[in-house]
Number of protein chains: 2
Amino acid sequence: MKIATWNVNSIRTRQDIVANWLQQNNIDVLCLQETKVIDKDFPRTRFEELGYHVYISGQKAYNGVAIFSLTPLTEVSAGFTPIIGDHAEDFDLQKRVITGVVGDIRLVNLYVPNGGDIANDKYKYKLQWLKLLKEYLKTFQEKEEYQMCVCGDFNIALEDRDIYNAQGTEKHIMSSPTEREALKEVLSIGLQDAFRKFTSETGHFSWWDYRAAGFQRDRGWRIDHHYLTSELYQKANNCWIDREPRKLVKPSDHAPVIVEIA
Amino acid sequence: MKIATWNVNSIRTRQDIVANWLQQNNIDVLCLQETKVIDKDFPRTRFEELGYHVYISGQKAYNGVAIFSLTPLTEVSAGFTPIIGDHAEDFDLQKRVITGVVGDIRLVNLYVPNGGDIANDKYKYKLQWLKLLKEYLKTFQEKEEYQMCVCGDFNIALEDRDIYNAQGTEKHIMSSPTEREALKEVLSIGLQDAFRKFTSETGHFSWWDYRAAGFQRDRGWRIDHHYLTSELYQKANNCWIDREPRKLVKPSDHAPVIVEIA
DNA sequence: GAACCCAGTG
DNA sequence: CACTGGGTTC
């Protein structure tokens with residue numbers, strides 16, 4: 001079973017690229033971020049025609065997440081609130097979380113806030129959001145028996161080997177110590193990085209800035225992840241980044257990442 | 001000698017279409033309107049590489065005119081003011097006029113104001129502008145011996161046969177009686193419509209609205225013209241509209257019009 | 001319907 | 001650099 005995650009930076013702009021990619025790769029589940037569209041305008045039939053069940057939680061212009069799955073999902077919900085209650089309401093104004101169950105896997109698809117820069121109010125928002133995320137995931141663990149696959153665009157490179165150049169990481173958004181700690185705190189509930197089960201060296205990235213020819217010069221960051229609970233981590237066969245769609249004309253700035261489960 | 005006029009609705013968006021068209025047609029002079037770009041950002045080298053001398057008068061976002069010529073132009077100027085003086089200054093804030101001399105022809109390239117609708121202040125502006133245009137053209141006639149070719153997007157269909165459907169022309173911008181009279185007043189200095197020397201019937205248009213499938217249904221207007229002084233009018237061999245570029249993807253809403261002079 | 005600008009986000 | 005939406009023009 002192949003579960004992919006891909007920040008598409010607008011599903012309407014990228015629908016040809018995504019549809020072609022799905023037809024060329026045997027993907028069971030695709031988790032999308034930054035769909036940037038309200039639900040009524042999501043090009044859902046385009047993907048249903050390819051055999052996928054489509055689950056979406058979008059808003060206008062920003063954020064937005066979706067899951068495409070060949071088999072129907074159960075226990076689908078969007079946002080923190082349905083799981084942890086009303087104190088998360090403010091954070092659900094931005095559509096960044098969608099979840100459902102496939103087989104014995106609780107799939108959680110995330111678009112973690114970027115944070116702007118570390119002197120920004122948005123950075124505080126990111127840290128608070130990660131706190132809620134931990135509460136959210138723990139709630140699932142307490143009330144369910146499913147293994148978990150928590151994937152998406154985390155906007156965090158956990159280690160220096162996840163960045164093309166480790167200079168200045170301390171002050172840089174996506175690599176500063178406080179956000180790295182906040183993410184480790186989330187992972188402490190028992191989640192492991194599927195990609196690092198198979199590949200230890202640097203030079204593997206999932207995002208390259210549009211600016212300054214970032215992709216051509218391979219100035220990338222690995223910020224899109226699959227974090228798995230232990231049983232699922234054991235079953236993972238492979239995990240890789242597909243750079244091909246990043247080479248096309250008008251690409252997303254992110255490449256899809258795929259994990260294969262036995 | 002072939003002189004073409006073409007409202008390209010942004011030269012930056014249309015540069016491939018225009019360059020290909022120039023390579024496939026032996027055009028000596030091309031008059032462009034709605035270039036929509038300030039002079040420093042005009043893609044001038046693209047057309048110089050095709051052998052053209054490039055003369056431009058542009059502004060940001062709106063209007064803008066240009067002339068491409070295989071032979072250099074002389075006595076080039078932009079706007080009314082250099083010819084008729086400071087009282088036209090306000091009208092030169094919008095870049096709608098450029099002129100130069102090729103051989104024995106004074107070429108005048110115009111982008112006449114659209115006017116919005118007939119109850120609009122912009123309609124008054126259009127009428128005042130046409131008054132200045134007459135003064136401008138007469139000034140050339142008084143101080144020069146050149147024949148004149150006055151061409152461009154006039155935003156006026158002079159007769160009902162120039163419109164796909166003559167219903168409601170009286171109240172419609174581009175065909176209302178007052179603006180038609182204002183244009184006839186300009187032509188009264190001795191200018192004749194090159195296109196009508198060769199073609200009398202209706203069904204020949206140079207502009208089709210992007211909306212409501214205007215081109216597919218051939219709901220067009222003939223608003224792009226070459227007006228010639230009598231000697232030049234005698235020498236005109238042919239005048240036609242090339243609809244081909246209007247069929248391409250992402251076309252201008254106007255088609256080029258070409259006059260051939262013996 | 002399709003250009004443009006501008007502001008906001010990444 | 002590239003997305004979105006909102007305003008404006010034709």
Side-chain angles (χ1 to χ4, degrees), chain A residues 7-15 17 33-38 41 58-64 94-96 111-117 120-123 125-126 153-156 172-174 207-217 219 221 223-224 246 248-254, chain B residues 7-15 17 33-38 41 58-64 94-96 111-117 120-123 125-126 153-156 172-174 207-217 219 221 223-224 246 248-254:
Chain A
N7 178 321
V8 290
N9 189 11
S10 170
I11 187 60
R12 284 179 296 183
T13 308
R14 226 69 64 200
Q15 55 181 298
I17 286 178
Q33 304 87 37
E34 285 206 88
T35 54
K36 292 190 172 178
V37 65
I38 53 176
D41 293 333
Q59 67 182 86
K60 158 160 104 168
Y62 303 116
N63 312 311
Q94 299 183 11
K95 305 307 182 191
R96 297 179 172 278
Y111 176 50
V112 178
N114 173 284
D117 67 87
N120 199 308
D121 273 354
K122 291 192 192 122
Y123 186 63
Y125 181 89
K126 182 178 194 171
D153 175 1
F154 285 77
N155 271 314
I156 296 175
H172 200 296
I173 197 69
M174 301 192 296
W207 173 81
W208 300 260
D209 201 319
Y210 284 125
R211 287 163 287 192
F215 185 67
Q216 288 76 1
R217 302 197 278 173
R219 300 180 162 216
W221 294 60
I223 57 177
D224 301 274
R246 179 65 240 237
L248 302 174
V249 285
K250 286 211 158 217
S252 168
D253 43 353
H254 294 252
Chain B
N7 178 321
V8 289
N9 189 10
S10 169
I11 187 61
R12 283 180 296 184
T13 308
R14 225 70 65 199
Q15 57 181 297
I17 286 178
Q33 305 86 37
E34 284 206 89
T35 54
K36 292 189 173 180
V37 65
I38 54 176
D41 293 333
Q59 67 181 85
K60 161 160 100 170
Y62 302 115
N63 312 311
Q94 301 183 9
K95 305 306 183 192
R96 298 178 173 278
Y111 177 48
V112 177
N114 173 285
D117 66 85
N120 199 309
D121 272 356
K122 293 191 190 120
Y123 185 63
Y125 181 89
K126 182 178 196 171
D153 175 1
F154 285 77
N155 271 314
I156 296 174
H172 200 295
I173 197 69
M174 301 193 294
W207 172 81
W208 300 260
D209 200 319
Y210 285 125
R211 288 164 286 194
F215 185 66
Q216 287 76 1
R217 301 198 277 173
R219 298 181 164 217
W221 295 60
I223 58 177
D224 301 273
R246 178 66 239 236
L248 302 173
V249 284
K250 284 212 160 218
S252 167
D253 44 352
H254 293 251

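So you know, we letter chains A, B, ... as the sequences are listed, proteins then strands, and number each from 1. A quick note: this is a predicted structure, and the numbers were derived from the prediction, not measured.
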Please produce a list of atom pairs where a protein N or O lies less than 3.5 Å from an N or O of nucleotides 6-10 of chain D.
| from | atom 1 | to | atom 2 | distance (Å) |
| --- | --- | --- | --- | --- |
| D:dG6 | OP1 | A:Lys60 | NZ | 2.9 |
| D:dC10 | O3' | B:Asn114 | ND2 | 3.4 |

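Applying the 4.0 Å criterion to OP1 and OP2 of C:dC4, one finds that B:Thr13 has a side-chain N or O inside that range. Using a 4.0 Å cut-off, some side-chain N or O of B:Ser10 falls inside it from OP1 or OP2 of C:dC4. Close to D:dC3, at under 4.0 Å from its OP1 or OP2, lies a side-chain N or O of A:Arg14.
Residues passing the salt bridge (Lys or Arg N to Asp or Glu O under 4.0 Å) test with A:Asp41, sequence neighbours excluded: none. Annotation: salt bridge (Lys or Arg N to Asp or Glu O under 4.0 Å) contacts of B:Arg211 (sequence neighbours excluded): B:Asp209. With sequence neighbours excluded, the residues that form a side-chain contact (heavy atoms from CB on, under 4.5 Å) with A:Tyr62 are A:Gln59. Residues meeting the side-chain contact (heavy atoms from CB on, under 4.5 Å) test with B:Pro113, sequence neighbours left out: B:Arg96, B:Tyr125, B:Lys126, B:Trp129. Evaluation of the side-chain contact (heavy atoms from CB on, under 4.5 Å) rule for A:Ala213 yields A:Gln216, A:Arg217 as partners, not counting sequence neighbours.
Nearest heavy atom pair, residue B:Tyr123 against residue B:Asp117, reads CB-O, 3.5 Å.
Across the protein-nucleic acid pair, B:Gln33 atom CD and C:dC4 atom P stand 17 Å apart, rounded to whole Å. In this entry the distance linking CG of A:Asp209 with C1' of C:dG10 reads 8 Å, nearest Å. Atom C1' of nucleotide D:dC1 and atom CZ of A:Arg219 are separated by 15 Å, given to the nearest angstrom. One can place CZ of B:Arg12 at 19 Å from P of C:dA2, the figure rounded to the nearest angstrom. As rounded to whole Å, 7 Å separates atom P of D:dA2 from atom NZ of A:Lys250. For the pair A:Trp221 CH2 and C:dG10 C1', the interatomic distance rounds to 13 Å; values are reported in whole Å. Following rounding to the nearest Å, B:Ile17 (CD1) and C:dA2 (P) show an atom-to-atom distance of 12 Å.
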